[in-house]
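In listed order, ligands and their atoms are each counted from 1. By convention here, the first residue in the shown sequence is residue 1. Just so you know, these numbers come straight off a predicted model, no measurement behind them.
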Amino acid sequence: MTGIEIVPATLDQKPLLGQLFELYQYDFSAYTGEDVDDDGRYGYPRLDSWWDDPDRHPFLLRVDGHWAGFALVHDHRTRRDMAEFFVLQKFRRGGVGTRFARAMFEQYPGAWQVREMRENRRAIAFWKEAIPVPFTDHEWEKGPMQRFTMPS
Ligand SMILES: CC(C)(COP(=O)(O)OP(=O)(O)OC[C@H]1O[C@@H](n2cnc3c(N)ncnc32)[C@H](O)[C@@H]1OP(=O)(O)O)[C@@H](O)C(=O)NCCC(=O)NCCS
């Protein structure tokens, strides 16, 4: 079985997360239509906030020793939000995303939400499989949202 490892992203790893975020944005450009800037980058002005804000928790994923994705968890007042979640293409459709997501949820018992853009059919199908407990369906401004509570 594929070995997955989840590590909190350190300040030193900010450029690494920034680079993986570029790939994430490229993936999302299919839905957002976003263009790269003059340097060929999408850019992520809020990158620093993942270390500066104590309510934000950046994690990196390794699979068999290779960087394979990230999860950005944002504590809101009463519930945690999976703000961004990414698995590199090579590692998809083998259960890695599900194992990664469940490990994150289990690390933080309590109220959670995940949100998808309505055009992102893949993510909508994914979260319905990956959330390990009963959830309720909601809407946010860009599409569906699921809320659930992880037991301690
Ligand atoms: C969504 C994402 C995290 C899924 O990661 P993954 O490692 O492929 O997920 P899994 O292999 O654990 O998939 C679990 C189930 O989700 C569903 N699923 C995953 N990808 C799917 C796809 N492309 N189409 C339809 N269903 C899909 C399937 O039911 C799958 O089970 P199956 O492979 O046995 O059919 C990954 O495709 C990704 O990073 N996409 C780009 C970023 C993104 O959209 N993030 C989510 C933001 S809300």
To the nearest 0.1 Å, how far is atom 46 (C) of ligand 1 from its closest protein heavy atom, and which atom is that?
Phe85 O, 3.6 Å
Which bit of Val114 is near ligand 1, meaning a heavy atom under 4.0 Å away: side chain, backbone, both or neither?
neither
Phe70 and ring pair (Phe, Tyr, Trp, His ring centres under 6.0 Å): which partner among Tyr24, Phe59, Trp50?
Tyr24
Could you check atom 26 (N) of ligand 1 against the protein and tell me its nearest heavy-atom contact, residue, atom and distance included?
Ala125 CB, 3.5 Å
Considering distance alone, does some N or O of Phe86 sit under 3.5 Å from an N or O of ligand 1?
no
I'd like to know if Asp48 and Lys14 make a salt bridge, using a cut-off of under 4.0 Å between side-chain N and carboxylate O.
yes
What do you think, any protein heavy atom under 4.0 angstrom from atom 11 (O) of ligand 1?
yes
Among protein heavy atoms, which lies nearest atom 44 (O) of ligand 1, and at what distance?
Asn120 ND2, 2.8 Å
Walk me through whether Phe21 and Tyr42 qualify under ring-ring contact (aromatic ring centres under 6.0 Å, His included).
CA-CA 9 Å; Phe21 207 90; Tyr42 293 100; 9.7 Å; no
Between His57 and Asp75, a side-chain donor and acceptor under 3.5 Å
yes
Is the closest basic N to carboxylate O distance between Arg118 and Glu139 below 4.0 Å?
yes
Taking atom types as modelled, find out whether His138 and Thr136 have a side-chain donor-acceptor pair closer than 3.5 angstrom.
yes
So for Trp127 against ligand 1, with non-hydrogen atoms under 4.0 Å, the contacting part is side chain
Proximal candidate to atom 37 (O) of ligand 1 [heavy atom criterion; set Arg92, Lys142, Met145]:
Arg92
Quick test of your reading of the structure: of Phe91, Phe28, Phe126, whose heavy atom lies closest to atom 9 (O) of ligand 1?
Phe126
Lys/Arg-Asp/Glu bridge criterion (N-O < 4.0 Å) met for Lys128, Asp137:
yes
Among all protein heavy atoms in this structure, tell me which lies nearest to atom 39 (O) of ligand 1, with the distance rounded to 0.1 Å.
Val87 N, 2.8 Å
So is Gly94 in contact with ligand 1, going by heavy-atom distances below 4.0 Å?
yes
Identify which of Met82, Glu129, Arg93 has a heavy atom lying nearest to atom 32 (P) of ligand 1.
Arg93
Should the pair Asp27-Arg122 be classified as a salt bridge under the 4.0 Å nitrogen-to-oxygen rule?
yes
Treat each ILVMFWY residue as a node, draw an edge where side-chain heavy atoms are under 4.5 Å apart, and state whether Trp140 and Trp127 are in one component.
no
Would you please say whether a donor-acceptor pair under 3.5 Å links the side chains of Gln25 and Tyr44?
no
A cation-pi test, strictly: NZ or CZ of Arg62 under 6.0 Å from the centre of the six-membered ring of Trp67 and no more than 45 degrees from its axis. Yes or no?
yes
Just to verify, which of Phe105, Phe85, Phe86 counts as forming a ring pair (Phe, Tyr, Trp, His ring centres under 6.0 Å) with Phe100?
Phe85
Just need the protein heavy atom nearest to atom 7 (O) of ligand 1, so name the residue and atom and give the distance.
Gly97 N, 2.8 Å
Give me the residue, atom name and distance of the protein heavy atom closest to atom 23 (N) of ligand 1.
Arg122 CG, 3.2 Å
Contact between ligand 1 and Met117 is defined here as a heavy atom of the residue under 4.0 Å from a ligand atom; is it met?
no
Heteroatom distance test (Ala123, ligand 1): nitrogen or oxygen, under 3.5 angstrom
no
For Arg115, the ligand 1 atoms with a heavy-atom partner under 4.0 Å come out as 48 (S)
Regarding ligand 1, does Thr98 bring an N or O atom to under 3.5 Å of one of the ligand's N or O atoms?
yes
Ligand 1 atoms in contact with Gly95 (distance to a heavy atom under 4.0 Å):
10 (P), 11 (O), 12 (O)
